[in-house]
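Here is the structure we will look at, set down as structure tokens.
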Amino acid sequence: MTQSTILSLVVFLPLLAGLALLLVPRQRVVFCRWWTLAAMTAGLVASGAALSMMQKGAAGMQLVHRVPWIPSMGIDYFLGVDGISIYLVLLTSLLGPIVVLSAWRSIGEKVREFHFLLLLLQAGILGAFLSLDLFLFYMFWELMLIPMYLLIGVWGGPRRVYAAIKFVLYTIVGSLLMLVAILYLYFAHHAQTGMYTFDLLRLYGTELTGPQQVWLFAAFALAFAIKAPVFPLHTWLPDAHVEAPTAGSVVLAGVLLKLGTYGFLRFALPLFPSAAHAAQPLFLVLAVIGIVYGALVAMVQTDIKKLVAYSSVSHLGYCVLGLFAFNISGFSGSLFQMISHGLSTGALFLLVGMIYDRRHTREIADFGGLAQAVPWFAATFVFVTLSSIGLPGLNGFVGEFLVLVGAFGANRIAAAAATTGVVLGAVYMLWLVKRFLFGPLVHEENRMMSDLNGREVLLLLPILLFIVYLGVHPGPFLRRMEPSLHATLTLSTPGPGRVETLRMLQLSTGSLRGSGTGWKAGAEGATAPRGASVPLLPATAPEFTAVVPAPGVMDQVLTVTASAFAVSASAVGNGVAR
Amino acid sequence: MHLVPFPLLALIPLFPLLGAAYCGLVGCGLFKKYGEGAIHWPAILLPWGSFVVTLIAVITLAGAGHGAVLHQRLWDWFRIGSLSVDAAFQIDRLSAVMCLVVTFVGSLIHVYSRGYMKGDASYWRFFSNLNLFMFSMLVLVLGDNLLVMFVGWEGVGLCSYLLIGFWYRERKNAAAGMKAFVVNRVGDYGFTLGVFLLFWGLAAAPASLLRGQGGEPVAAAAVHEVAVGHGEVATSPGEHGAPIGEAAGEHGAAVSHGTEGSEAGRTPVSSVTFRDIERIMEDPARRDAVLNQKVLGFGLITLVCLLFFVGATGKSAQLPLYVWLPDAMAGPTPVSALIHAATMVTAGVYMVARLHFLFAYSPVAMTVVATVGALTALFAATIGLFQYDIKKVLAYSTVSQLGFMFVAVGVGAYWVGIFHLVTHAFFKACLFLGSGSVILGCHHEQDMRKMGGLRKLMPITAVTYFVSACAIAGFPFFSGFFSKDEILWKAFDSGNMLLPGGGIILWVLAATAALCTSFYMFRSYYMTFSGTYRGAQGHGTHDAHDAHGGHGHGLPKESPRSMTWVLAILGGLAVVGGYIGLPILWGLPNAFETWLEPIFEGSHHLIHSAERGHGAEWGLMLFSVVIAFSGFFLARWLYKDAKSPIPGRLLASRNGLVQGFHRVVFNKYYVDEAYQASFVNGTVGLSGLLSWFDRTVIDGIVNLAGTAGRFCSGIQGWIDANIVDGAVNLVASLSMRAGRSLRKVQTGRIQNYVLGLTAGAVVLVVIGFLLKW
């Protein structure tokens, strides 16, 4: 596998494997499971290969795969990876086989479809992490919505339909506004440079006026804040988690939420630095509220899964807090926290799923004293709990600490308030442990429960090892992410440093040399085939060079907005129809 | 201060870690197969291995000269921007003392545990956790920076949590474990904020120097700028390079830092490493810049120290966070001895001594530390007066004695605090293990009212308990006398306190506490060991949490040899342990002070004496002896052989004052109840409220939006069905009707058509006429 196509392999391997699965007769469930497991494992190997091919210490995009896709509109098939996305890709790939193993016994109906959707979801997430073309990103972003929707809606719990629709509608509202913002940016960039392109690295260079930045940032931020989720846009999360099957919860908490924070890091902050800085107080406050509020609400939940879901709100608050600290420790802590939350909360959901498979309940009151019945399960649960509450020496501490150090540098009060989350985290998790695992074994039906079996040990083991390794020796991870984070930080800081960094980044991917297909309508307009450009571009467009998009473009944006709302309205309608 | 590489250093914590991993991962299976020997031999020998390595380190250290620090850097833990944290260990004279205590007392308690935990079904888990504790405690002590220390700091908290809740089947034990962890976390909140504030405060110092605004509060922006930088550390200007770089220049190879972190000849912008912080504080320009910073109206260093001290109050059970320690007695008694008396709880004292170069610069922080210590000493000692549970007496005694240590480090007598830490480790471990021996002998009875007469039944336990009680009470020539007396004198003589009368208030509080100490210790001795056995002899009323077969029958008998030997060794040290630090007043060599002198010389010039003179010192020493004996005789008079009727009469007293006082103190001043009512219920109540808010308001708005959407769709649907479709249908029906009526016209008869044609022509003509064609 060559350097340029490895990322495509990472993205398309699950997709192709999923499509191939549809050719298998639906009764052959065992084959479906093994096939998916093999595909996911191969995907993990591919991601590992991508990591090994990467150059250490480089800030820019690597392993770039770039093919013109719709040249007339400046849309490329453009994948690339840097020190930021590689870890999220690896996390996604690592959770892939684990999720398949976790569903080995618990999914009994529509097995083939379930696994097809898992693979599709995997492809969507990986694609979203690797896309450097905004159009492509948006496509993957929406693509992963559908399998998740179906996973919750078909294999979920009693209130699955409500939860699935809530999840989809919430996400769509945000993403449609983001689409509008993407298109606006696209036209604004053209108005400035005469070039139509969705190339993220070029769009970074778009110069926008203050109000433009604010509106565009708001649209992007809304989409990502819903996904993350940032208080008060979080209420879809507990419902989705409680109703989703274990596999869905693990992917949802493990990686899907990270697309929100990743979106901030990759898109919202560096594209609109002034607006992002202006929004810093707002997001610091929301992040702190999320941390404390999520922890407090988690404390009184009676459903273990819901408790863990609210703990995710709290933990993702740290990620957002770190990002809006706008310094390197905040950024790196945030990214590290994304990874370690994926591991520890993923493991918690897996463990809760295992208990659910045995007892078909998740109410804390139905348990108590499990440590006597299932000691190894209990030991693992306590271990993961310690990781989740940030015990130094395990993964959770590093992220939390770096985020809080960074936040303290940005705003002492916010950091001091956020640090209370560390205390509250210990309270709600240890209280859960106490009621769940310790004390007398009050319910006799729990006594006969079987302890972890070989499959469960196998699927938990990699996570546990990473929990220790990331906590004890995070150096290599941090070293690899630091240059890219520095570059992103510079891009996210308004000022002269941006231009140089941007140039460096663009050089690294060939965005500058024009080897991409960004179609230069102004200069080459005469020679370019007119016919090809007709579909999207108004005939007058090449003449406008002002910063403010031309009325024609504005019309289009309005049209798109209107149609976007029409789509969302029809989605609502469909929701009602169900 | 110079660094000497010492590659064996990591073995000290590594040995117990191996033991923990062995017992925890494969111990369960081996225990079932081969019995207890497969567990306790490795688990006991490995900590002794640490002790041996520690001895080697101490000998090396003694030979390496004044101010040497043995150092081993393992790997860089994390390094981002100007924050650089190594996984590195150091052992200097201070940590050497701690390390010796921890490995020696810890290993002894492992030996003791072999007898105490015999027959427990989770034998392997106990030793695994105990080894893990040793590892964490050694990391705490040996860490060369605040964060490695914090790893140990939280690690010992974890082990404490696991071991308090060791018999987790009882809700009470699990609750006590959780309480310990959570209260410690509250303290750690302070610790963490202290680290943040210190880190950014140091980072801001050169920046504010540059701007010539040293006295101003540092704006967040300035802080931001320093640390963000561009990969490289924004180093301070050269003016404060020369004097500090000595160590980095000479011993750069030993430390082998990466090049980008700290270039030779310059201190880093900011650091969490102890020696770097100390070096920054030794550099006059940077020190002034640090000291002049104000945060929230406090001096930066004052606030930093107070925050660290919050951490210390959590770990070392001081007011107001002491509440977890008495409950922690739910754990097995060797755990109480090791973790909750000898080692872990002294971590706060160690930290303050470790950070003496910060605390000494803040008279406010010093005063707070000493005052909190003195208040805690008295407060806990009074609670100890009326307890009946032998372990509770010792627990409150520990809280009280830790208060003494904080008085010492608070007034700047760091070596005295550590000295008392050492002697306390001996006599308190001996007392706890003695109580464990008693508890085991009395078939898991902890109530002293049901004991008595054990001196004849358990002679070794009784003797060791008695000498340790003499030591803690401060009888002359016992170890506790030297350390406690020195504390009282240093408090009295302190010139650093911002209290009225200097340290005299502290002295009054601490001396009263010493009187209480003497009384409650001998009360517990006489209640337990004198008179006749009052315990139940036929049946046991204890819980069935462990598997000591056949307990609850017969008279108590002396514990097994492995336990009594340990008691004898510790009892011996409780007597003679103090001779390492004989009073200078007596003209005798004080080896302990000399040993620690290089550690604290950096802050020596900041610690002042009130110059109260030798006469006063002699006087106070005499007074201490009087105090110790008064407590002893009072307790002997009231409790020996349970003969005196006075305690019973006082208890039965109808006098409101006596009764009220006893009730308040006996119920520990209702502090637990107050915390429960305020913090615990407050938090849970707030959580419930927020959960309701989440479900009803936030989700309500979401659902309302959904309902509104449905409603709009409904209207839309109605419009669709009735108006849009209606219009279509209207057109359709109109044309249909039109067609139907027109059909009538299509008769097929020619005359009708002709008529129509004619009529049409006429109409046209008429119209044409009318329109004046």
Side-chain angles (χ1 to χ4, degrees), chain A residues 166 169-170 232 234-236 293 296-297 299-301 326-329 332 369 371-372 386 391-393 398 401-402 404-405 408-412 415-416 419-420 422-424 426-427 430-431 433-434 437-441 472-475 478-479 482-483 486 489-490 497 569 572-573 575-576, chain B residues 28 75-81 83 87 147 150-151 153-155 158 161 165 168-171 173-175 177-178 181-182 185-186 188-189 192-193 195-197 199-200 203 220 223-224 227-231 295 683-684 686-688 690-691 694 698-699 702 706 709-710 712-714 716-717:
Chain A
K166 197 173 178 182
L169 290 189
Y170 231 131
H234 63 274
T235 52
W236 64 269
Y293 180 91
L296 283 172
V297 176
M299 204 180 294
V300 290
Q301 298 306 313
F326 289 110
N327 52 35
I328 190 66
S329 40
S332 53
Q372 286 169 64
L386 296 173
L391 190 85
V398 181
F401 183 81
L402 288 174
L404 291 171
V405 167
F408 203 88
N411 186 321
R412 286 180 187 139
T419 312
T420 57
V422 177
V423 181
L424 295 172
V427 175
L430 293 183
W431 198 25
V433 165
K434 183 183 139 216
L437 303 176
F438 296 155
L441 190 62
V472 173
H473 200 34
L478 291 169
R479 262 199 299 280
E482 192 173 358
H486 261 303
L489 182 58
T490 320
V572 174
V576 175
Chain B
C28 184
W75 60 81
D76 59 327
W77 189 19
F78 44 84
R79 181 168 296 181
I80 276 291
L83 176 66
L147 288 189
F150 193 60
V151 173
W153 187 270
E154 287 260 297
L158 164 70
Y161 164 76
Y168 57 79
R169 292 179 198 192
E170 273 183 69
R171 283 214 180 87
N173 299 350
M178 179 181 159
F181 198 96
V182 170
R185 265 282 160 117
V186 175
D188 294 349
Y189 175 72
T192 322
L193 285 188
V195 174
F196 298 155
L197 194 59
F199 177 77
W200 288 101
V223 178
H224 178 75
V228 168
H230 279 258
V295 179
T683 311
V684 174
L686 180 65
S687 296
L690 287 180
S691 179
D694 203 62
I698 299 190
D699 221 22
V702 174
R710 271 167 177 250
C712 291
S713 313
Q716 199 190 347

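Numbers restart at 1 for each chain; the letters A, B, ... are given by sequence-line order, proteins then strands. What you are looking at is a predicted structure, and each value in this text was computed from that prediction instead of being measured.
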Closest non-hydrogen atom pair, B:Ser691 against A:Val300 | CB-CG2, 3.5 Å
One should read off an interatomic distance between B:Tyr161 OH and A:Leu430 CG, to the nearest 0.5 angstrom, of 4.5 Å
Side chain / backbone / both / neither for A:Ser332 at chain B, heavy atoms under 4.5 Å = side chain
In terms of heavy-atom contacts, A:Leu478 and B:Phe78 come closest through CD1-CB, 3.1 Å
Would you call A:Val422 and B:Arg185 a side-chain contact if the rule is heavy atoms closer than 4.5 Å?
-> yes
Which atom pair, heavy atoms only, marks the closest approach of A:Gly439 to B:Arg171?
-> CA-CG, 4.1 Å
What are the two closest non-hydrogen atoms of B:Met178 and A:Val427, and how far apart are they?
-> CE-O, 3.8 Å
List the steps and the verdict of side chain to side chain contact (heavy atoms under 4.5 Å, CB included) for A:Tyr170 and B:Val702.
-> CA-CA 9 Å; A:Tyr170 231 131; B:Val702 174; 3.3 Å; yes
Proximal component of A:Val433, with respect to chain B [non-hydrogen, under 4.5 Å] = side chain
Measure the CG-OG1 distance between A:Leu404 and B:Thr192 for me, rounded to the nearest 0.5 Å.
-> 8.0 Å
Least distance between heavy atoms, B:Leu690 atom then A:Tyr293 atom | O-OH, 3.6 Å
Contact part of B:Val151 toward chain A, heavy-atom cut-off under 4.5 Å: side chain, backbone, both or neither?
-> both
From CG (A:Leu402) to CG (B:Leu83), nearest 0.5 Å = 6.5 Å
Taking A:Ala416, A:Pro232, A:Gly393 one by one, which has the highest count of heavy-atom pairs under 4.5 Å against chain B?
-> A:Ala416
Between the CZ atom in A:Arg412 and the CG atom in B:Leu197, the distance rounded to the nearest 0.5 Å is 6.0 Å
Among the listed options A:Pro483, A:Ala426, A:Pro440, A:Ser329, the residue most often paired with chain B at heavy-atom distances under 4.5 Å | A:Pro440
B:Tyr168 (side chain) donor-acceptor with A:Gly369 (main chain) under 3.5 angstrom | no
Heaviest contributor of heavy-atom pairs below 4.5 Å to chain A, chosen from B:Val684, B:Ile698, B:Asp76, is B:Ile698
Taking every heavy atom of B:Trp200 against every heavy atom of A:Val405, the minimum-distance pair comes out as NE1-O, 2.8 Å
Contacts of type side-chain hydrogen bond (donor to acceptor under 3.5 Å, both in side chains), residue A:Gln372, not counting sequence neighbours = none
Considering only heavy atoms, which portion of B:Leu147 lies under 4.5 Å from any heavy atom of chain A: side chain, backbone, both, or neither?
-> side chain
Relative to the ring of A:His473, is the ring of B:Trp75 parallel (under 30°), tilted (30 to 60°) or perpendicular (over 60°)?
-> perpendicular
Which bit of A:Trp236 comes within less than 4.5 Å of chain B, counting heavy atoms only: side chain, backbone, both or neither?
-> neither
Relative to chain A, which segment of B:Ala174 carries a heavy atom at a distance below 4.5 Å: side chain, backbone, both, or neither?
-> both
What is the distance from atom CG of B:Asp699 to atom NZ of A:Lys166, rounded to the nearest 0.5 Å?
-> 3.0 Å
Reported CZ-to-CD1 distance for the pair A:Phe401 and B:Ile80, which is rounded to 0.5 angstrom | 12.5 Å
